[in-house]
Amino acid sequence: MFHGRMREYFLYLGLRGYAAMHSFHETEERLGAEKLTDYFMAQNGSLIPDKALTAPDVIPAQWYRMRRQDTDSQWRRRAVRDGMSAWRDWEKSTAVSLKDMIFRLSSENEYGCCRLAEQKLSDVESEIAGAEDMIFDLESIEYNLPTIIGRQPSLAECYHSKIAALLPPVSSVTDS
């Protein structure tokens, strides 16, 4: 849910590469959640207890009342900075939650689920490192919009390719 909101956030800013990056993370995490559900169902014969999860409000409320054309470059630079920080902070809080979950699963001798949670933690820690690298790079260029905008097409292409690699090929079925 978080990455879907961040995809919208960056689309609003006209940054299709960053939007594609979050679309990739959203797809990757959805597939991981399906794997966890399948494993839990096979091991326990039941559904994972439902916990109402809601995406955080990363899109400021005032954005819904304004058109992006009404923003200036300083506003957009700040929005990019804030969005990247929100992403990193979300992933850091996710890592803390996963560590707690791993501890609980281990203490309950749920080693299979624990291994899946450990793999997810590794993925999240890699995403945190990527976010921090991206933020460092953006700070190095002082969130220069022409540079950021210039990077978007190659980022979008890269992440669209990564999404395609995650998904099974679509088979064509013909009627005989």
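What you see is a predicted model, and the numbers here were worked out from it, not measured in a lab.
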Honestly curious: do L167 and M21 fall in one hydrophobic cluster under the side-chain, below-4.5 Å linking rule?
yes

For F24 and Y159, take the angle between the two ring planes, folded into 0 to 90°, and tell me which bin it lands in: parallel under 30, tilted 30 to 60, perpendicular over 60.
tilted

R77 with E142: basic N within carboxylate O range, under 4.0 Å:
no

If I take atom CE from residue M134 and atom CG from residue L155, how far apart are they, to the nearest 0.5 angstrom?
6.0 Å

Nearest heavy-atom contact between P153 and G150 is CD-O, 3.5 Å

Would you name the heavy atoms of A117 and L98 that are closest together and state the gap between them?
O-CD2, 4.3 Å

Would you give the length of the straight line joining atom CE of M84 to atom CE of M6, rounded to the nearest 0.5 angstrom?
7.0 Å

Between E8 and R5, does any side-chain N to carboxylate O distance fall below 4.0 Å?
yes

Salt bridge flag under 4.0 Å for residues R30 and E34:
yes

Tell me which one of E28, H25, H22, E26 satisfies side-chain hydrogen bond (donor to acceptor under 3.5 Å, both in side chains) with H3.
H22

Could you tell me the separation between the CD1 atom of I102 and the CD atom of E110, rounded to the nearest 0.5 Å?
14.0 Å

Please evaluate residues E29 and K120 with respect to the criterion salt bridge (charged side-chain N to carboxylate O under 4.0 Å, His left out), reporting the C-alpha separation (whole Å), side-chain torsions for both, the decisive distance (0.1 Å), and the verdict.
CA-CA 9 Å; E29 290 176 9; K120 180 61 185 159; 3.6 Å; yes

Looking only at non-hydrogen atoms, find the nearest pair between Q152 and G17 and report the distance.
OE1-N, 2.8 Å

Which is it for E139 and I135 under the side chain to side chain contact (heavy atoms under 4.5 Å, CB included) test, yes or no, and what are the steps along the way?
CA-CA 6 Å; E139 288 173 350; I135 290 168; 3.5 Å; yes

Exercise: identify the closest heavy-atom pair between A19 and R7
O-CG, 3.4 Å

Tell me if the CD atom of E157 is crowded by more than 12 foreign heavy atoms within 6.0 Å.
no

Interatomic distance, D100 atom CG to L105 atom CG [nearest 0.5 angstrom]:
9.5 Å

Quick one: pull up CD in Q119 and SG in C114 and give me the separation to the nearest 0.5 Å.
12.0 Å

Indicate yes or no for a side-chain donor-acceptor contact from S97 to the backbone of S93 under 3.5 Å, with no hydrogens or angles considered.
yes

L31-I163 co-clustered via ILVMFWY side chain contacts under 4.5 Å:
yes

Determine whether F10 and W90 fall in the same hydrophobic cluster, where Ile, Leu, Val, Met, Phe, Trp and Tyr are linked whenever their side-chain heavy atoms lie under 4.5 Å apart.
yes

Report the C-alpha separation of T71 and R76 in whole Å, then their side-chain angles, then the decisive distance to 0.1 Å, and conclude whether the side-chain hydrogen bond (donor to acceptor under 3.5 Å, both in side chains) test is met.
CA-CA 7 Å; T71 64; R76 284 184 228 116; 3.0 Å; yes

Between the main-chain N or O of S23 and the side-chain N or O of T27, is there a donor-acceptor pair closer than 3.5 Å?
yes

Straight-line distance of I128 CD1 to L121 CG, nearest 0.5 Å:
8.0 Å

I need the minimum non-hydrogen distance between F40 and C113, along with the two atoms involved.
CD1-SG, 4.1 Å

Is L11 reachable from I148 through a run of I, L, V, M, F, W or Y residues, each pair having side-chain heavy atoms under 4.5 Å apart?
no

Count I, L, V, M, F, W, Y as connected when their side-chain heavy atoms are under 4.5 Å apart, and connections chain through other members. Are M66 and I59 then in the same cluster?
yes

What residue pairs, at least two apart or across chains, pass ring-ring contact (aromatic ring centres under 6.0 Å, His included) with a residue in residues 56-75?
Y9-W63, Y12-W63, W63-W75

